[in-house]
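Here is the structure we will look at, set down as structure tokens.
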Amino acid sequence: MAALYSTSSCFCGSLGSYPVHKSVKLGHGKVRDSGFYFPHRFQCATPKLHVQAKALSVDGLPEIMDSSLVVCFGEMLIDFVPTISGLSLAEAPAFKKAPGGAPANVAVGIARLGGSSAFIGKVGEDEFGYMLADILKENNVNNEGMRFDPGARTALAFVTLRSDGEREFMFYRNPSADMLLQENELDFDLITKATIFHYGSISLITEPCKSAHIAAAKVAKDAGVVLSYDPNLRLPLWPSAESARKGILSIWDTADIIKVSEEEISFLTQGEDPYDDAVVRKLFHLNLKLLLVTEGVDGCRYYTQEFSGKVKGLKVEAVDTTGAGDAFVAGTLSQLASDLSLIQDEDRLRNALKFSNVCGALTVTERGAIPALPTREAVVNALLKTVA
């Protein structure tokens, strides 16, 4: 992790040989008190019901197969995080540069946990864009679906850290390159190879990225790929609160897996109680397989068609909550990509979500999103401490 901090602070590699508007192709692994559950490989076919035995690596952890690929679609940007918490942007004496963007965070999070992931999105043909491409490569994320725009800059976000570690954002994207991804630039072959296709809602705000997003999700759905959706509400980026609500819900019924926060439930239900199961169930559509509600330090709730419940979180001292939800998603999808049948077994799902909660908790103990995402070993060690 220290090495990535160095990368986020100073870019010194050269990516000038990467072609403009073309792929940058890269080559490219439930806890019980008595031990760990090793998932099976879930064959990527339609319908996705066949489960096959999965080999174990030398250290006893499951091997992650190529058929467990998670493709993440959307924005990747540069977060500028104050070096001192509790100050306004104007008061901050300095900022730490860190790679971010929710879908990219999830892709790196999965890879760092030993999983197989890819990122599809657009950055500027500028030094920050090349830096981000390099960071994906260094973190073993397939970036062959990444595109570079010569006429728009890579998006920037300045993140205010309050004294409690929570954040406020100020974005620079008028427009940024991620907003300009077009349907004809999509790598449909990569999308159809996925077990899970994951995305947010920011890519729905403006054209042409909105049409590209919808086309990508349709191709994935038609190919039998599981759709994972984290709305990741960023209200300042939308024209209005109503347009945000309408946009987020416009693709709600196509997702197989949805992760939301308590705040997003209140927003989407126009002020209803996010802790009321009856309210949450209003957001559960007929085709939904799993609805997850994150509650920060308190853990998460889960809802399926057959059962629901809550899994406690891991209490840590929060330094920066940026990327915590993305780390949780990465922890969840890295396990589901290897064994989607976890959704049908409550005990195994609960143990998987313990792992996900620890992923989120460890991320808030360091500054920045991608730099703070934990390794599989760090999560396993934290879990062992909780049952020791």
Side-chain angles (χ1 to χ4, degrees), residues 70-75 101-106 120-121 169 171 173 175 178-179 181 183 186 191 194 196-222 225-296 300-305 308 324-326 328-329 332-333 336 343:
V70 179
V71 174
C72 301
F73 174 94
E75 69 279 1
N105 294 344
V106 173
I120 292 178
F169 295 86
F171 295 91
R173 54 196 307 268
D178 61 288
M179 303 163 67
L181 181 67
E183 183 177 343
L186 294 172
I191 293 170
I196 298 175
F197 182 67
H198 176 73
Y199 47 84
S201 69
I202 290 176
S203 48
L204 294 171
I205 298 175
T206 59
E207 294 288 1
C209 190
K210 177 180 178 180
S211 292
H213 177 138
I214 293 170
K218 184 180 187 305
V219 166
K221 192 77 168 179
D222 290 347
V225 178
V226 172
L227 301 188
S228 167
Y229 184 26
D230 177 2
N232 193 36
L233 177 65
R234 295 289 180 264
L235 201 51
L237 296 179
W238 292 85
S240 66
E242 184 54 37
S243 67
R245 189 177 296 109
K246 183 178 178 180
I248 289 171
L249 294 175
S250 69
I251 59 169
W252 195 266
D253 291 349
T254 63
D256 300 295
I257 300 166
I258 297 176
K259 172 261 173 187
V260 288
S261 65
E262 320 105 299
E263 295 87 353
E264 288 165 341
I265 291 175
S266 293
F267 175 76
L268 294 173
T269 59
Q270 301 190 62
E272 295 192 53
D273 183 2
Y275 300 100
D276 184 341
D277 282 352
V279 171
V280 177
R281 281 289 181 183
K282 292 179 181 180
L283 296 174
F284 200 99
H285 63 78
L286 290 177
N287 298 318
L288 191 60
K289 296 177 177 63
L290 177 64
L291 176 62
L292 297 170
V293 181
T294 53
E295 299 181 352
C300 68
R301 282 174 283 156
Y302 58 89
Y303 300 81
T304 73
Q305 294 181 359
S308 63
D326 302 327
F328 173 89
V329 172
T332 302
L333 296 186
L336 291 178
I343 294 173

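Quick caveat: nothing in here was measured; it's all calculated off a predicted structure. Because only heavy atoms are used, hydrogens play no part in the values below, and waters and symmetry mates are left out as well, while side chains stay in.
In this structure, V225 and V219 have side chains that are not in contact, with every pair of non-hydrogen atoms separated by 4.5 Å or more. A 4.5 Å side-chain heavy-atom check between S228 and F197 finds every atom pair outside the cut-off. Using a 4.5 Å heavy-atom cutoff, the side chains of L290 and L336 are in contact. The shortest side-chain heavy-atom distance between L292 and R301 does not fall under the 4.5 Å cut-off. Residues L333 and H198 have side chains in contact (heavy-atom distance under 4.5 Å, counting atoms from C-beta outward). No side-chain heavy atom of L227 sits less than 4.5 Å from a side-chain heavy atom of I257. The shortest side-chain heavy-atom distance between L204 and W238 falls under the 4.5 Å cut-off. Side-chain contact between V293 and I265: present, with at least one pair of heavy atoms (C-beta onward) separated by less than 4.5 Å.
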| request: Run the numbers on I196 and V71 for side chain to side chain contact (heavy atoms under 4.5 Å, CB included), then give the verdict. | output: CA-CA 6 Å; I196 298 175; V71 174; over 6 Å; no
| field | Step-by-step side chain to side chain contact (heavy atoms under 4.5 Å, CB included) determination, D253 to N287 | value | CA-CA 7 Å; D253 291 349; N287 298 318; over 6 Å; no
| field | Intermediate values then yes/no, side chain to side chain contact (heavy atoms under 4.5 Å, CB included), T304 and K289 | value | CA-CA 6 Å; T304 73; K289 296 177 177 63; over 6 Å; no
| field | Residue pair S308, R281: steps toward the side chain to side chain contact (heavy atoms under 4.5 Å, CB included) verdict | value | CA-CA 10 Å; S308 63; R281 281 289 181 183; 3.8 Å; yes
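Taking every heavy atom of both residues into account, P274 and E262 meet most closely at CB-O, 3.3 Å. Nearest heavy atom pair, residue A215 against residue L186, reads CB-CD1, 4.4 Å. In plain terms, the two heavy atoms of H285 and W252 that are nearest each other are NE2-O, 3.1 Å. The minimum heavy-atom distance linking L235 with A241 is given by the pair CD1-CA, 3.8 Å. Shortest non-hydrogen contact noted between K221 and T254 is NZ-O, 2.9 Å. Nearest heavy atom pair, residue E75 against residue S203, reads OE1-N, 4.5 Å.
The six-membered or imidazole ring of H213 lies near that of Y199, with a centre-to-centre distance under 6.0 Å.
Using modelled atom types, one side-chain atom of E264 and one backbone atom of L233 make a donor-acceptor pair closer than 3.5 Å. Not a single donor-acceptor pair under 3.5 Å links the side chain of Y229 to the backbone N or O of I251.
No cation-pi contact links R234 to F171, judged by a cut-off of 6.0 Å to the six-membered ring centre and 45° from its axis.
Interatomic distance, CG of L288 versus CG of D256, reported as 7.5 Å (0.5 Å rounding). Atom-to-atom distance recorded for L181:CG and E207:CD is 11.0 Å, nearest 0.5 angstrom. To the nearest 0.5 Å, atoms NZ (K259) and CG (N232) are separated by 6.5 Å. Considering CZ of F328 and CD of E295, their distance stands at 10.0 Å, rounded to 0.5 Å. Note: C72 SG to I120 CD1 = 9.5 Å, rounded to the nearest 0.5 Å. Distance check, rounded to the nearest 0.5 Å: OG of S201 to CZ of R245 gives 12.5 Å.
Electrostatic pairing of E272 and K282 counts as a salt bridge here, judged by a charged N lying under 4.0 Å from a carboxylate O.
Under 3.5 Å, the side chains of S261 and E263 contain a donor-acceptor pair of N or O atoms. A side-chain donor-acceptor contact under 3.5 Å links D277 and Y303.
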